[in-house]
**Student:** 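Before I ask anything, here is the structure I am working with.
Quantities reported herein were computed from a predicted structural model and do not represent experimental measurements. Labels below follow one simple rule: chain letters A, B, ... track the order of the sequence lines, proteins then strands, and each chain is numbered from 1.
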Amino acid sequence: MSGTPRPPASIEGRPLGDRVFRGVLTVLASAVPILLLLLVLQLWHGARPAIDRFGLGFLVNSTWDPVVEQFGAFPLIAGTLISSALALLIAVPLSLGVAIFLTEFAWQPIRGPVTFLIEMLAAIPSVVYGLWGVFFLVPFLSKTVYPFLRATLGFLPFFTGPIYGPSMLSAAIILAIMVMPYIMSVAREVLLVVPASQREAALALGATRWEAAWTTVVPYARSGIIGAVILGLGRAIGETMAVTMLIGNRHEISASLFAPGYTMAAAIANEFTEATGDLHLAALTYVGLTLFVVTLLVNAGARLLIWRLARKSGTA
Amino acid sequence: MNGRTLRRAKGHLMVGLLGLAVIVAVLPLVLILGTLVVKGAGALNWDFFTKIPRGTPGEVGGGVAHAIVGTLLIVGMAALVALPVGIGAGLYVAEYPFTRLAWTARFLADVLNGAPSIVIGVFAWAFVVANQKHFSAIAGSAALAMIMIPMILRTTEEMIKLVPHSLREAALALGYPRWRTSLTVVVRTILPGIVTGCLLAIARAAGETAPLLFTALGSQFFSVNIGQPMAALPLVIFGYATGPYEEWHRLAWAAALVLILVVFALSVSARLATRRRTDGRH
């Protein structure tokens, strides 16, 4: 036999090569917990001046005035949640529809290419979405869709007021486009795991293909789909560039969706390099810390739900 | 009979709506790529790739050579750190999965993966820029590396878990020590998959803007000094797109086209690397 390796360096205990191997890998693996610890500590340390000065009231105050050094992040938090929720409202039916279509109804040869195309959407950098949004999407929406909405649904407070272009609704729409591939791909994966017996049982009882899919397959994957949606929420909350280019960047909450708004990420991106003082920087870091915690909670919730589905289908 | 035709019709309607959803979903991709090609291709010329911006803002001409080199340097440095750490950590988590460190690393990698990139940028600012008292390409690379490491860790781990245990056991039975089994048998088998993970992480890092905003900061000048602010393609796109000059907008479209081509080339070749394994040829 050619190339038979030499016997290990030591017979008793582990060979030297193994010990070195494990040692090196342990060091590299420890980088992750260390980095995360540094992240949290550094954010906390940087935000301290603002935390000491404003406490938790920072999260419910609405005044953001660098000149008198009064900072309140409520419009940012509200704006983040509103834009993300709106984005999900648009993206979830779309993503779910595509996922169900691709797993239940699509003609076999087109499944691969269509999945590929939608996953390519996820590869487009945020700033390119912003560029397209600024010069194509927002002008188009301002000239066609928004006036239409105001004309037909103008009795609702959401669709009143002047149409600037950059607005909460514009940001929500671009967020929906950005988040859609993620929700679609996770939903598709959980739908694929549903046992065929579910669909087959419904068909055997005389259901149409749509009825079989809608009444047996989709509910079976329910917690996984909810998990996919919350994962999408987590992504939407953290999106920065496209949002800051389309949302209008105003520290205000307004009932009208045509009005400009702000999100936590967009505020940090915009004001960090132009911060007027140490307290301003600390306030922005405080916003960063809040954003990190919110994303953490949302992602943890999503993962818990997806894990529950995996358990359920394992015991089914 | 009537009930059945009604149900059948409803079924057809719903499937039709779903098909419509697919078209609506794919539409933005087509529109974005189309707009990029139409508006950006015109500005692509030799000058674009080899010159830096003109002296006066908005002056016609010039290019983004400084940003292309900047992106290569910043992402390159980040990859230099992130690849070994990510692959090594992924290897650890896959080879010794029952240790506390493996569980912690895997969990915290997921946490880091979900963290918004702007928050990582704030961290890199506080950790590097604030201490050095100036912006630098190194700070930008640090932020990008921190984004890439958890991505590469997870994909490496998933790939290594795909290698059948029988392969491992055969090598060990023939007398290979554990370290040699891991490196020359397991990793060698799944190398295309690991490369895929790395390419995807690099593609993601190349497109990131937010973490570079206050670390590398951007620059108007050509520079290879990694201790100073440096330009990058995404930063140029952001700056020019939000600026007032028509010429800037033209350059932004072209830069975006280049960036998308690079990101797509990396992503597609990454997927091709794994697809080749399943074509039955070996």
**Student:** If I measure from the heavy atoms of chain A, does L36(B) come under 4.5 Å with its side chain, its backbone, both, or neither?
**Tutor:** side chain
**Student:** Quick check for you: among A105(B), A126(B), G207(B), which has the greatest number of heavy-atom pairs under 4.5 Å with chain A?
**Tutor:** A126(B)
**Student:** Is chain A contacted by the side chain of Y240(B), its backbone, both, or neither, given a heavy-atom distance below 4.5 Å?
**Tutor:**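 Interface part for Y240(B): neither.
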**Student:** Side chain from CB out, backbone as N, CA, C, O: work out which of these in D18(A) comes under 4.5 Å of a heavy atom of chain B, or both, or neither.
**Tutor:**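 Both backbone and side chain.
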**Student:** Please state whether the side chain, the backbone, both or neither of I32(B) comes within less than 4.5 Å of a heavy atom of chain A.
**Tutor:**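 Both parts, heavy atoms under 4.5 Å.
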**Student:** Heavy-atom distance under 4.5 Å to chain A: side chain of V93(B), backbone, both or neither?
**Tutor:**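 V93(B) has no heavy atom closer than 4.5 Å to chain A.
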**Student:** Using non-hydrogen atoms and a 4.5 Å limit, figure out which bit of I260(B) sits close to chain A: side chain, backbone, both or neither.
**Tutor:**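 Side chain only.
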**Student:** Closest heavy-atom contact between V85(B) and A31(A)?
**Tutor:** CG1-CB, 3.8 Å
**Student:** Name the region of I149(B), side chain, backbone, both or neither, that has any atom closer than 4.5 Å to a heavy atom of chain A.
**Tutor:** side chain
**Student:** For each of G19(B), G90(B), A203(B), tally heavy-atom pairs with chain A at distances under 4.5 Å, and name the one with the top tally.
**Tutor:** G19(B)
**Student:** Given that the side chain runs from C-beta out, which part of L257(B) has a heavy atom under 4.5 Å from chain A: side chain, backbone, both or neither?
**Tutor:** neither
**Student:** If I measure from the heavy atoms of chain A, does A25(B) come under 4.5 Å with its side chain, its backbone, both, or neither?
**Tutor:**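 Interface part for A25(B): both.
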**Student:** For R22(A), is it the side chain, the backbone, both or neither that has a heavy atom under 4.5 Å from a heavy atom of chain B?
**Tutor:** both
**Student:** Would you please classify the geometry between the W125(B) ring and the F272(A) ring as parallel, tilted or perpendicular, with 30° and 60° separating the classes?
**Tutor:**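 Because their plane-to-plane angle is over 60°, the rings of F272(A) and W125(B) count as perpendicular.
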**Student:** By a 4.5 Å heavy-atom criterion (distance strictly below it), what part of I177(A) contacts chain B: side chain, backbone, both, or neither?
**Tutor:** side chain
**Student:** Check whether P234(B) gets within reach of chain A through its side chain, its backbone, both or neither, counting any heavy atom under 4.5 Å.
**Tutor:**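 For P234(B), the contact with chain A is made by backbone and side chain together.
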**Student:** Can you tell me which portion of V22(B) sits under 4.5 Å from chain A's heavy atoms? Options are side chain, backbone, both or neither.
**Tutor:** both
